[in-house]
Amino acid sequence: MFRLIPFELGKIWKKRSFLVAVTLLLLIHLFLLWYTSLPNEQTPPLSAYKKICAQLVSMSEEEKAKYIMDLKETIDGVCFVQDILAMQNFQNEMGNMFAEQEMERNPGVFEAYYDSYQSGNYLKFTDSLEQEKAFVDEIYAEWQKVYGYGDYLKSIQENKNVLSGISIFGVQEQNSYSARNLLKSAADYEDLTDETIRFMPSRGFTSAMQNIWTDILLFLSVMLFTGSLITEEKEKKLFFITRSTKNGILGSIGAKLLSLLVHCILVTVLFYFVSLVFFGQSTGGFPLNAGLQSVAAYMESTLSVSIFGYICLSVLTKAFLLFGIGTLLVIFCILSQIAALPFLIGSAVAGISMLMYSLIPASSPFAVLKYLNPAGLMKTENLYGGYLNFNLFGHPMSRLSLSLLLIVVFCIIGTAGSLWQFCRMQGFEMKKLRLPFALPFQPHINILRHETYKILFAGHGLFIFVLFFVLLGIQSFDQTYHPSVGERYYKDIMMRLEGEMTEEKEELVLSEKERYNQAFQTIEEINRLVDTGELSRDAADILKAEANMTLSFYPDFQRVEKQYRHIMENGGGFVYDTGYLYLFGAWQDVFSVHFLILSIGMILAVSRVMPVEYQTGAMFLLCATKTGKRKIFVRKLIVCIGMAVLLALVPVICRAVCIDSVYPMQSFGAGIQNISCFSDFAVNIPIGVFILGFVFSQVAAVIFTVFVTLALSVWRKNQVQTIFFGLVILGVPMILKLLGFEAAKWFSLYPIYGWSEIFLQGIL
């Protein structure tokens, strides 16, 4: 039996189709790791965690505490300054009153952090105040939990002592579930200490070990392997031969089950190794020898293991659970004579278990069903990183013990059931699935319609198109915009000025300019009094506070003044340009991400368009006709271009809608030179025409990716090789650009897609 294991593994793993499927799952896994970690206005980038890890790695725990508390104090002070300026921005008595009250409650904070707010030197890890605050708050909250781990352990033992004192007066209270649970918790935590605790940000580690998509892809790989073990041999009618041999029954099924176990272990190790490497490189390394409780999310764990030990436990637990589920699928494969039925049952079981885990509340009496089902058992972060006891007839029962017991039961029942059913198997071949009704077929000679069906349905292009359509839509709508205090001031004044110059608008600009001039003069006069000794510095800081608050909006007014000077010199009108600067990529670098996603989507969608004709031999028939090859190719090209156009418009339209809801984009008829960043643009075309050209260039870049992919497919005549070379030529340069190698963009089609961003970055 054991000699058959390498044969059973090689029979499946050496199949080109299976290797392609696993490779595709691995590529999807990598893509989802990257895609689900993309930053937005409130979510910091992974590079922020790498920067702070580099700062903390050489510090002691006391030094980490001081460093993180300083970060928290600084960001809170800067946010306080922003709040005071926001109140002042109301420009009424109520706003000034609230601002004064807050400054009285927090004396000296505004003055201490005003210069930092103006200079922006508080941005140490991200590019915006919103991201920086979210990041620092997250790190601070994690540090507080980990730093207080010793106190957490003491509180558990103190609760036990309190209960012991109470129990002297009430035996009934001592026999309650709450009391028993408290005593059990104290016993479980009794041997733990905080000696191996070393704080590090946990985002990378938890993202690598708690990704639901990884578990779903692992389940798919097990379904593929299980189907190849039984279903394909039934389809080839091999069981008529193998079962007649000496060890054809028990030896065969034993080797198949052991090969399934080896596959589950290997593929789980592979996927989680990729996850750990990806996040280790993106967010900084993990202290593998530190205690598991160093990760804030796993502080409730009762295991005295290192982070590396937890990784091993987690991976092996998932592998054996997948093996148990796989053995149950083997039973269905043996019983079923329809190839698709076991996969449908497996998908249904997975879907139902995920719904149970998502919908059943943790406080529900049915919480046992929430955690003790395949979806709950796959969440090893809860098994080993958390602590929970179930109330079984008044006695606490550990979730970890019950979960491990249930996994063992799955494996035993699945293995025994597979052996039993394989020995009793009657159906040695598969039946074709036939629909109970006939689908009407209407013959036609429309080549475009025929090619559309082949590309979208037969070639699975529609599924890929819809998938990337949704991904791009979610990624675009996920971008949230939060105007700063200065931006709100700029928006308010520009919405009143927008349009052609009038006397009222000129008077508004000049009055604002005079207000700032008076503030400058006030500060200059106060500084003169300080220099002559007529005023102390403390009194001067108090007197300058109001003038400084006024001048905090001066950089934003300079944008207004720049447009005013341009109009006075060259004519034109005012344009509120913030929305356009976001749309054209001056203030938001999203074009690289969008173009990479679009390129991958189109490569996958059209990579099969031409190879299928060569693989089926249809190309020889097409070449035999006078215009067959040309007409077919033109129709294929039309369908592919249509897909490219629709997909390319998704991020543009979604972003425009999101941006316009916060920063209104108007004055489409105004010249593009009225936007200050485009004042040197060669032709003063209307903004609306410029937007059309901008959209056309992005669509054209995606169409060019289609041309390149089709050319590669004609050259290689193989879908897998087309995908490989397409990703190398079109995807690798964009990945290098995202990693910081800006020069790589010149070896791609990105200059066509993101030319406006390149143009504006050159100016700014």
Side-chain angles (χ1 to χ4, degrees), residues 35 446-477 479 583-585 590-610 612 630-660 665 668 685 687-714 722-723 726-727 729-731 734 748-758:
Y35 181 81
N446 189 306
I447 300 177
L448 180 62
R449 177 181 166 188
H450 181 68
E451 290 300 326
T452 302
Y453 174 81
K454 285 171 61 179
I455 294 172
L456 296 182
F457 297 96
H460 310 295
L462 181 62
F463 171 76
I464 298 172
F465 175 81
V466 172
L467 175 63
F468 280 84
F469 187 98
V470 173
L471 287 176
L472 285 165
I474 293 174
Q475 206 279 328
S476 299
F477 278 120
Q479 296 292 330
L583 181 65
F584 298 141
V590 295
F591 291 162
S592 302
V593 173
H594 288 166
F595 189 57
L596 178 59
I597 296 175
L598 286 166
S599 299
I600 294 174
M602 293 314 303
I603 289 170
L604 296 177
V606 306
S607 59
R608 191 176 182 270
V609 171
M610 295 306 297
V612 68
R630 179 176 60 82
K631 285 187 176 181
I632 293 295
F633 187 79
V634 169
R635 271 49 172 196
K636 290 179 182 291
L637 199 59
I638 291 172
V639 177
C640 294
I641 289 175
M643 294 170 62
V645 171
L646 293 176
L647 201 61
L649 289 175
V650 174
V652 180
I653 295 174
C654 293
R655 285 187 66 242
V657 171
C658 292
I659 293 170
D660 187 69
M665 292 182 286
F668 295 112
I685 58 176
I687 294 176
V689 176
F690 184 88
I691 292 175
L692 291 177
F694 162 75
V695 174
F696 177 80
S697 66
Q698 295 203 329
V699 172
V702 181
I703 292 174
F704 286 146
T705 65
V706 171
F707 291 162
V708 172
T709 306
L710 291 178
L712 290 172
S713 67
V714 172
T722 300
I723 294 174
L727 293 176
I729 295 173
L730 299 172
M734 295 309 305
S748 68
L749 296 173
Y750 181 74
I752 301 174
Y753 187 86
W755 67 269
S756 63
E757 178 190 8
I758 297 172

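Values in this document were obtained by computation on a predicted structure and should not be read as measured data.
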Problem set entry | Separation of M602 CE from L730 CG (nearest 0.5 Å) | 11.5 Å
Exercise. Got V593 and Y35 here, is their nearest side-chain heavy-atom distance under 4.5 Å?
Worked result: no
Problem set entry | Contact check, side chains of R655 and F477, non-hydrogen atoms, under 4.5 Å | no
Seminar exercise, completed: What one should report as the nearest heavy-atom pair of T722 and T709 is CG2-O, 3.6 Å
Problem set entry | Pairwise distance NZ(K454) to CD1(I632) - rounded to 0.5 angstrom | 6.0 Å
For this session: Measure the CZ-OG distance between F704 and S697 for me, rounded to the nearest 0.5 Å.
Result: 10.5 Å
Seminar exercise, completed: Residues L749 and A701: closest non-hydrogen pair is CD1-O, 3.9 Å
Exercise. Run the side-chain contact (heavy atoms from CB on, under 4.5 Å) check on L598 and Y753 step by step: do they pass?
Worked result: CA-CA 11 Å; L598 286 166; Y753 187 86; 3.5 Å; yes
For this session: Of all the heavy-atom pairs spanning C654 and G473, show the shortest one and how long it is.
Result: SG-CA, 4.2 Å
Problem set entry | Non-hydrogen side-chain atoms of L647 and F465 separated by less than 4.5 Å | yes
Exercise. Hey, what do you get for CD1 (I641) to CG (L637), rounding to the nearest 0.5 Å?
Worked result: 4.0 Å
For this session: Kindly compute the distance separating CD1 (I603) from CZ (F468), expressed to the nearest 0.5 Å.
Result: 9.5 Å
Exercise. Would a line drawn from the ring center of F591 to the ring center of Y750 be shorter than 6.0 Å?
Worked result: no
Exercise. Is there a side-chain contact between C640 and V609, using heavy atoms and a 4.5 Å cut-off?
Worked result: yes
Exercise. Taking side chain as C-beta onward, heavy atoms only, is V650 less than 4.5 Å from L646?
Worked result: no
Problem set entry | Close side-chain approach of I455 to M643, heavy-atom, < 4.5 Å | yes
Exercise. Of all heavy-atom pairs between R608 and A458, which one has the smallest distance, and what is that distance?
Worked result: NH1-O, 3.6 Å
For this session: Rounded to the nearest 0.5 Å, what's the gap from OG1 on T705 to CD1 on I600? Could you check?
Result: 11.0 Å
Exercise. Would you say the side chain of S476 lies within less than 4.5 Å of the side chain of H594, judging by non-hydrogen atoms?
Worked result: yes
For this session: Would you mind telling me which of L456, L467, T452 makes a side-chain contact (heavy atoms from CB on, under 4.5 Å) with L462?
Result: L456
Problem set entry | Between W755 and F696, ring centroids under 6.0 Å | no
For this session: With the side chain counted from C-beta on, respond yes when M734 and S592 share a heavy-atom pair under 4.5 Å apart, and no when they do not.
Result: yes
Exercise. Is the count of non-hydrogen atoms from other residues, nucleotides or ligands lying under 6.0 Å from F694 atom CZ greater than 12?
Worked result: yes
Exercise. Y453 and F457: aromatic ring centres closer than 6.0 Å?
Worked result: yes
